[in-house]
Amino acid sequence: ETGVTQTPRHLVMGMTNKKSLKCEQHLGHNAMYWYKQSAKKPLELMFVYNFKEQTENNSVPSRFSPECPNSSHLFLHLHTLQPEDSALYLCASSQPTGLNTGELFFGEGSRLTVL
Amino acid sequence: AQSVTQLGSHVSVSEGALVLLRCNYSSSVPPYLFWYVQYPNQGLQLLLKYTTGATLVKGINGFEAEFKKSETSFHLTKPSAHMSDAAEYFCAVGGRGAQKLVFGQGTRLTINP
């Protein structure tokens with residue numbers, strides 16, 4: 001099992017669709033993250049969860065809805081997205097924030113295209 | 001507060017030449033510093049990190065970086081570039097008790113044959 005697994009790797013959706021991205025980590029970590037990576041833009045931190053509790057939301061539009069049912073799984077629910085939401089969505093995990101070096105372990109990403 | 005500046009969004013070197021990717025940071029606490037590499041359509045992979053101790057840090061694939069506190073720098077080097085080194089490289093800063101890593105904007109490395 002790889003450390004952090006993201007599914008699907010590629011997703012194409014219309015603006016009225018509802019879909020979800022899934023992330024699973026097998027590293028025993030307790031912190032999980034969603035990042036957005038758009039072309040020619042820096043990495044954008046979207047959400048942080050520590051021990052299943054959301055600890056950071058960087059003013060992300062409500063059309064992105066995260067869910068963290070346990071420390072190993074993280075979802076990003078998508079609805080009524082816009083074409084500018086097309087990007088690579090990266091999931092990462094780490095030991096709890098504030099208690100470690102901060103090293104992040106990334107999944108391979110989910111490439112989202114919104115038509 | 002923390003921040004990272006990567007000098008040069010695009011660096012191009014010849015195969016076999018020295019690779020030097022520059023990173024300067026700002027941190028109000030003793031920094032933890034990281035270099036990540038991202039190959040096309042993949043996630044970020046840790047190349048190396050500095051937390052404490054020896055300031056010259058060796059990583060995977062022949063890369064190394066040196067923490068210079070006086071210059072607030074953590075430049076990444078490799079003596080001889082290989083075609084497989086073509087990728088995007090990200091410098092990041094954290095610190096003991098920091099809530100998250102702060103990433104630079106990335107440097108795209110191109111290797112010319």
Shortest non-hydrogen contact from Leu44(B) toward Phe106(A)
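Taking every non-hydrogen atom into account, O-CB, 3.3 Å.
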- What heavy-atom pair brings Leu88(A) and Gln42(B) nearest, and what distance separates the two atoms?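 So the two residues come closest at CD2-O, 4.0 Å.
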Is there a continuous path of hydrophobic side-chain contacts, each under 4.5 Å between heavy atoms, that joins [X] to [Y]?
| X | Y | result |
| --- | --- | --- |
| Val102(B) | Val60(A) | no |
| Val19(B) | Leu48(B) | yes |
| Tyr89(A) | Tyr36(B) | no |
| Phe103(B) | Leu109(B) | no |
| Phe90(B) | Leu21(B) | no |

Above 12 or not: heavy atoms from other molecules or residues under 6.0 Å from CD of Glu66(B)?
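Atom CD in Glu66(B) is packed in, count exceeds 12.
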Nearest 0.5 Å please: distance from the [atom1] atom of [X] over to the [atom2] atom of [Y].
| X | Y | atom1 | atom2 | result |
| --- | --- | --- | --- | --- |
| Gln37(A) | Gln38(B) | CD | CD | 4.0 Å |
| Tyr35(A) | Lys100(B) | OH | NZ | 8.0 Å |
| Asn41(B) | His10(A) | CG | NE2 | 6.0 Å |

Report task. Using non-hydrogen atoms and a 4.5 Å limit, figure out which bit of Tyr39(B) sits close to chain A: side chain, backbone, both or neither. Result ->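 Interface part for Tyr39(B): neither.
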**Asked** Under the side-chain contact (heavy atoms from CB on, under 4.5 Å) criterion, do Leu46(B) and Glu103(A) qualify, and how do the steps go?
**Response** CA-CA 8 Å; Leu46(B) 184 70; Glu103(A) 180 180 347; 2.9 Å; yes
Under 4.5 Å heavy-atom distance to chain B, tell me which part of Leu104(A) shows up: side chain, backbone, both or neither.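 Both the backbone and the side chain of Leu104(A) come within 4.5 Å of chain B.
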